[in-house]
Enquirer: 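The following block contains the structure, expressed as structure tokens.
Values below: every heavy atom of this structure, side chains too, minus hydrogens, waters and symmetry copies. Heads up: numbering here begins at 1 and tracks the sequence.
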Amino acid sequence: MTLELGGIHHLTAVTAQASKNLAFYTKTLGMRLIKKTVNQDDTTAYHLFYGDGVASPGADLTFFDFNTGREQRGNHTVSRTGLRVDSEESLKWWKEHLQTHNVGSSAIKERNGQLSLDFEDFEGQRFRMVIDAANTVVPWAKSPVPAERQIIGLGPISMAVPRLDRTEAVLTQVMNMRKVRSYAMTSHTAETHVFEMGPGGPGAELHVVVDPTLPPARPGAGGVHHVAFRTPDQDSLRLWIERVTRAGIRSSGEVERFYFTSLYFREPNGILFEIATDVPGFAADEPMETLGESLALPPFLESRRASIEANLKPLV
């Protein structure tokens, strides 16, 4: 049986304004704050997780709060994050909703053979809203966005690289992704190569944009730190660790994040990948009904709660 990834698990981006970030993603985009915690490697920084009504894997958009300048766009990074909604009617609703909240957006038009809507947050974080008619919204009851218009989850994820060959080899030969098509937006734009995982569909697609003319990106606010892919549990994660190791790729090995267990490594163009388990999930230490309402710390940080809280700035 072939070892396969289940799709996008989460994407972690960077903000320099945690309070404004919280307001935008919960009030404008209507996502649920499903976990308010800290970066486990730098506990002076928040790690904010936004998702759907029940914190489903594949719906998690997360942010590290770093004191940093804006990202300089370019190659060697994730360049755009897909957000899935259920229909063309929802795209039209979002176009009007974003305009009402003074968020600029593109026209709704066909891109890659699908209708979609592009927009950015207040720091330049780039999004493309796409239709996923095969999946349904798991709504958050307290969202300001109507239940039927809420975001289903993440995907596709786009990443920008100067060359394809070595990255394609890792995606197909190590990560067991399938190359399914290529496209260009216009005759003057870079070629984009689409790789899919497991079940396929927009929640399980990685789009690799190849443009050797771009400079290297410089990390910062409005940029992406890493993208994570789904695996069911620790047993399957350990098979991925063995597979990555056999391929000669340097990795973190198994990393316990409490809400999931992870493997980290960089693909040949330097973009940080994570493979993360679906279990145990974000209700491991909080009731589902009150997720995100207080600062959550994994057990290995709990003894430091007082000092951690003292070094965090208020979110509201």
Side-chain angles (χ1 to χ4, degrees), residues 8 10-11 13 15 17 20-33 48 50-53 56 58-63 70-71 73 78-160 183-186 188-190 192 194 201-207 209 221-224 227:
I8 307 301
H10 68 267
L11 179 131
T15 181
Q17 301 181 63
K20 195 171 181 180
N21 180 274
L22 177 63
F24 181 84
Y25 287 92
T26 59
K27 295 178 181 177
T28 302
L29 293 194
M31 300 179 79
R32 182 181 185 184
L33 180 66
L48 304 177
Y50 306 102
D52 64 7
S56 303
D60 306 337
L61 178 61
T62 95
F63 286 86
R70 291 286 180 93
E71 178 201 40
R73 294 177 178 177
V78 171
S79 54
R80 191 175 293 275
T81 301
L83 299 174
R84 294 176 283 128
V85 296
D86 67 350
S87 64
E88 183 178 351
E89 290 70 28
S90 289
L91 284 182
K92 292 175 180 176
W93 184 93
W94 276 101
K95 172 74 174 173
E96 184 176 334
H97 176 75
L98 292 171
Q99 185 175 358
T100 300
H101 286 78
N102 298 311
V103 178
S105 64
S106 71
I108 296 172
K109 64 180 184 180
E110 189 174 292
R111 302 171 177 89
N112 178 31
Q114 299 176 319
L115 288 176
S116 60
L117 173 69
D118 287 358
F119 69 96
E120 299 179 6
D121 78 356
F122 60 94
E123 291 176 301
Q125 191 70 235
R126 289 170 282 178
F127 294 102
R128 174 163 296 149
M129 197 163 274
V130 303
I131 297 170
D132 181 4
N135 287 283
T136 56
V137 176
V138 183
W140 173 38
K142 297 179 182 178
S143 175
V145 172
E148 69 276 12
R149 303 302 182 205
Q150 289 178 33
I151 292 164
I152 295 170
L154 305 185
I157 303 298
S158 297
M159 54 187 257
Y183 67 93
M185 292 300 186
T186 71
H188 305 292
T189 58
T192 298
V194 179
E205 285 185 356
L206 185 66
H207 292 208
V209 185
V224 170
V227 59

Enquirer: Between Phe24 and Val103, what is the shortest heavy-atom contact and its length?
Expert: CE1-CG2, 3.8 Å
Enquirer: Please evaluate residues Arg128 and Glu205 with respect to the criterion salt bridge (charged side-chain N to carboxylate O under 4.0 Å, His left out), reporting the C-alpha separation (whole Å), side-chain torsions for both, the decisive distance (0.1 Å), and the verdict.
Expert: CA-CA 13 Å; Arg128 174 163 296 149; Glu205 285 185 356; over 6 Å; no
Enquirer: Charged N to carboxylate O below 4.0 Å: is that the case for Lys92 and Glu88?
Expert: yes
Enquirer: Taking all non-hydrogen atoms of both residues into account, name the closest pair between Pro146 and Trp93 and its distance.
Expert: CD-CZ2, 3.4 Å
Enquirer: Could you walk me through whether Thr15 and Glu123 satisfy the side chain to side chain donor-acceptor pair (under 3.5 Å) test, starting with their C-alpha distance in whole Å, then the side-chain angles of each, then the deciding distance to 0.1 Å, before giving a yes or no?
Expert: CA-CA 7 Å; Thr15 181; Glu123 291 176 301; 2.7 Å; yes
Enquirer: Passes side-chain contact (heavy atoms from CB on, under 4.5 Å), Leu11 versus Thr62? Steps please.
Expert: CA-CA 6 Å; Leu11 179 131; Thr62 95; over 6 Å; no
Enquirer: Mind listing the closest non-hydrogen atom pair of Phe119 and Ser105 along with its distance?
Expert: CB-CB, 3.9 Å
Enquirer: Hey, can you tell me if Phe63 and Tyr50 have their rings parallel, tilted or perpendicular (30° and 60° cut-offs)?
Expert: perpendicular
Enquirer: Please assess Thr192 against Arg111 for the test side chain to side chain donor-acceptor pair (under 3.5 Å), listing each intermediate value before the final yes or no.
Expert: CA-CA 11 Å; Thr192 298; Arg111 302 171 177 89; over 6 Å; no
Enquirer: Can you find a pair of side-chain heavy atoms, one from Tyr25 and one from Ile151, that are under 4.5 Å apart?
Expert: no
Enquirer: Please test Tyr183 against His207 for side-chain contact (heavy atoms from CB on, under 4.5 Å), starting from the C-alpha separation and ending with a verdict.
Expert: CA-CA 10 Å; Tyr183 67 93; His207 292 208; 2.8 Å; yes
Enquirer: Please step through side-chain contact (heavy atoms from CB on, under 4.5 Å) for the pair Ser106 and Leu117, ending with a clear verdict.
Expert: CA-CA 6 Å; Ser106 71; Leu117 173 69; 4.0 Å; yes
Enquirer: Which heavy-atom pair separates Ile152 from Asp52 by the least distance, and what is that distance?
Expert: O-OD2, 4.3 Å
Enquirer: What pairs of residues pass the side-chain hydrogen bond (donor to acceptor under 3.5 Å, both in side chains) test when at least one of them lies in residues 140-157, not counting sequence neighbours?
Expert: Ser90-Arg149
Enquirer: Measure across Gln125 and Ala13 and return the closest heavy-atom pair with its distance rounded to 0.1 Å.
Expert: NE2-CB, 3.4 Å
Enquirer: Side chain of Arg84, backbone of Leu154: donor and acceptor closer than 3.5 Å?
Expert: yes
Enquirer: At their closest point, which heavy atom of Met31 faces which heavy atom of Leu61, and how far apart are they?
Expert: CE-CB, 4.1 Å
Enquirer: Looking at Arg126, is its backbone amide N or carbonyl O close enough to the side chain of Arg80 to form a donor-acceptor pair, meaning the two atoms are under 3.5 Å apart?
Expert: no
